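I'd like to ask some things about the structure below.
Labels below follow one simple rule: chain letters A, B, ... track the order of the sequence lines, proteins then strands, and each chain is numbered from 1. Because the structure is a prediction, the values reported are computed rather than measured.
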Protein chains: 2
Amino acid sequence: MAKRESNVDRVYEALRRMAADFAFKPDQRINESALSEVLGASRTPLREALNRLVAEGFLTFQNNRGFFCRPLTPSYILDLYEARVAVECEALRIACSRASDVDIAGFADYLDRMEPDYQSATELEELLSLDESFHTRLVQLSGNSELERMLKNLNGRIRYIRLIDLKRMRDQADGQAPGDVSAHRKVLDALRSRNVSAAVEALRSHIEKRREEATEAVRIAFSQLYVPDE
Amino acid sequence: MAKRESNVDRVYEALRRMAADFAFKPDQRINESALSEVLGASRTPLREALNRLVAEGFLTFQNNRGFFCRPLTPSYILDLYEARVAVECEALRIACSRASDVDIAGFADYLDRMEPDYQSATELEELLSLDESFHTRLVQLSGNSELERMLKNLNGRIRYIRLIDLKRMRDQADGQAPGDVSAHRKVLDALRSRNVSAAVEALRSHIEKRREEATEAVRIAFSQLYVPDE
DNA sequence: GTGTTCAAAATTGTATACAATTAAAAATTC
DNA sequence: GAATTTTTAATTGTATACAATTTTGAACAC
């Protein structure tokens, strides 16, 4: 019987979470020996996991200098959100012409079932997971596993920023409430009537709006990231 | 002074090339010891490189069973080409509204300079490199390094298929000649006049046309891949 | 004080050894 | 002879050791 989760998997998961939450500060050099002690594994499996994270864009690597946390700049955030637009809009376009009525109905059901949770969610993490799952399921409707894979990767790297964004939305409460699913429903309605251009435009403007908010929020993120160690 | 290229880099490059050219057959299990001898490195750096390739989608991995060559199915090819449409069309859209006139002019110059090479190219590899560089440069015009990164990855994984496709184009000579850059020029012209929808549609139909050819060519690829070892 | 050089310490790079696991082969049962 | 168990071999998983390289910092010159 094969062990479900190996040590490398465990290390990888822990590292991905740390990288996603910026437990490493941008551009910080990562000390392998210290990290391997913290994670309870030797450097060999640790480095394998680190290499995976480099390939996925969570970390960077320099010869003979080791692994570094990715930088966090406004243009990096912009790039990630633009990539999301590319992936999600094309997936939606494909879904409009290829997804079955049954699958779309299932997606609509899902949104109906989730809406109460969405509006009553208290934890930001919970809210973010719900939002992520909407977008993930949308891309899954395309049936394209490469697009799905790309979105998962982008979501992982963008997660921290979205958390900051959501937090600000809740605290300020000036624009739409964090639990507002109207934009999602607009996309769904257009998808249901197979109106490609309306669906894509609705999704595009939704993501771009979030991008603008996030770009603003990243300044706040910066100030939080560089809080001195205790 | 830092060594330019490390051993892992060398191993990684060799492996990527092997994977891109399907030197490993689809679903074939990869023997680490044997491979490390061939590549002249121990298993430690080899496995680091293999892990990177898994993260990039060139290989797969199963716990306690090791690394395998990715499968090659028609739906996999479809997914890759659709992902290319997503990445390239969005990059083009961004380039239309953001690239400077100077950069676009530089791109036009590049196409002019390359056209003679394109038409006189005898080696398929050379032709493919020229075609890839057109698409890469187009995406670079967007200034989005995530989209560029995604395209590089897709190109690497799609390379073998395109080679088969080009080969068939040359051998059959029924449709357009392999050196035909008219589709590329159409995209460029629309970009130059900042006509977003015309540019995107031209690019989309170009890639999709290639996808159809490639999907057809993949059957030939299959028969070539499974030639028995000698 | 600033910059340079050199030595010491820390860190990364990789080979190797051995444990854990899986795959293959041989023996056994029916 | 087919199916099952047992044994053996091969392969992967990971710790460790040590070499190569980089970083640190102390001594020194100016």
Checklist entry - Checking all strands, does B:F67 fall into the base, sugar-phosphate, or nothing category for heavy-atom contacts under 4.0 angstrom? => result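 No contact.
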
Next on the checklist: Of the listed nucleotides (D:dT14, C:dA15, D:dG13), which one gets closest to any side-chain atom of B:A41?
Outcome noted: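 Selected nucleotide (nearest to the side chain): C:dA15.
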
Check nucleotides 6-11 of chain C for protein N or O atoms closer than 3.5 Å to its own N or O atoms and list the pairs.
unit_1	atom_1	unit_2	atom_2	d
C:dT11	OP1	A:N31	ND2	2.9

Checklist entry - How many Å lie between CG on A:N51 and P on C:dT12, as a whole number? => result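 Rounded to whole Å, this separation is 13 Å.
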
Item to check | Over 12 foreign heavy atoms within 6.0 Å of CD, B:E123 | outcome: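 Atom CD in B:E123 is not packed in, count stays at 12 or less.
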
Checklist entry - Does A:E132 pair with A:R159 as a salt bridge, N-O distance under 4.0 Å? => result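 Salt bridge present between A:E132 and A:R159.
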
Checklist entry - If we fit an axis to the first five pairs and another to the last five of the helix from C:dG1-D:dC30 to C:dC30-D:dG1, what angle do they make, to the nearest 10°? => result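 Result, rounded to 10 degrees: 10°.
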
Next on the checklist: Does C:dT12 have OP1 or OP2 under 4.0 Å away from a side-chain N or O of A:N64?
Outcome noted: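 Negative; the distance criterion is not met.
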
Checklist entry - Going by the side-chain hydrogen bond (donor to acceptor under 3.5 Å, both in side chains) test, which pairs reach into residues 33-43 of chain B, not counting sequence neighbours? => result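 Sorted pair list: B:E32-B:R43.
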
Next on the checklist: Between A:R149 and A:E146, does any side-chain N to carboxylate O distance fall below 4.0 Å?
Outcome noted: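 Salt bridge present between A:R149 and A:E146.
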
Checklist entry - Once you round to the nearest 0.5 Å, how far does OH of A:Y81 lie from CD of A:E212? => result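 That separation rounds to 11.0 Å.
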
Checklist entry - Under the ring-ring contact (aromatic ring centres under 6.0 Å, His included) criterion, do B:F58 and B:F24 qualify, and how do the steps go? => result CA-CA 11 Å; B:F58 283 94; B:F24 312 113; over 10 Å; no

Checklist entry - Closer than 4.0 Å, any side-chain N/O of A:N7 to the OP1 or OP2 of D:dT14? => result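 Checking D:dT14 against A:N7, a side-chain N or O does come within under 4.0 Å of OP1 or OP2.
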
Next on the checklist: Would you call the rings of A:H135 and A:H184 parallel, tilted or perpendicular, taking 30° and 60° as the class edges?
Outcome noted: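 A:H135 vs A:H184 ring planes: perpendicular.
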
Checklist entry - Salt bridge check: are A:K152 and A:E148 linked by an N-O gap of less than 4.0 Å? => result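 Yes, A:K152 and A:E148 are salt-bridged.
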
Show the distances under 3.5 angstrom between N or O atoms of the protein and N or O atoms of nucleotides 16-18 of chain C.
unit_1	atom_1	unit_2	atom_2	d
C:dT16	O4	B:T44	OG1	3.3

Checklist entry - So, A:E90 and A:R93, do they make that salt bridge, N to O below 4.0 Å? => result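 Yes, A:E90 and A:R93 are salt-bridged.
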
Checklist entry - B:T122: what forms a side chain to side chain donor-acceptor pair (under 3.5 Å) with it, not counting sequence neighbours? => result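 By the side chain to side chain donor-acceptor pair (under 3.5 Å) rule, B:T122 matches no residue at all.
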
Checklist entry - Looking at residues at least two apart in the chain, or sitting in another chain, which of them share a ring pair (Phe, Tyr, Trp, His ring centres under 6.0 Å) with A:F67? => result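 With sequence neighbours excluded, A:F67 shows a ring pair (Phe, Tyr, Trp, His ring centres under 6.0 Å) to A:F61, given in chain and number order.
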
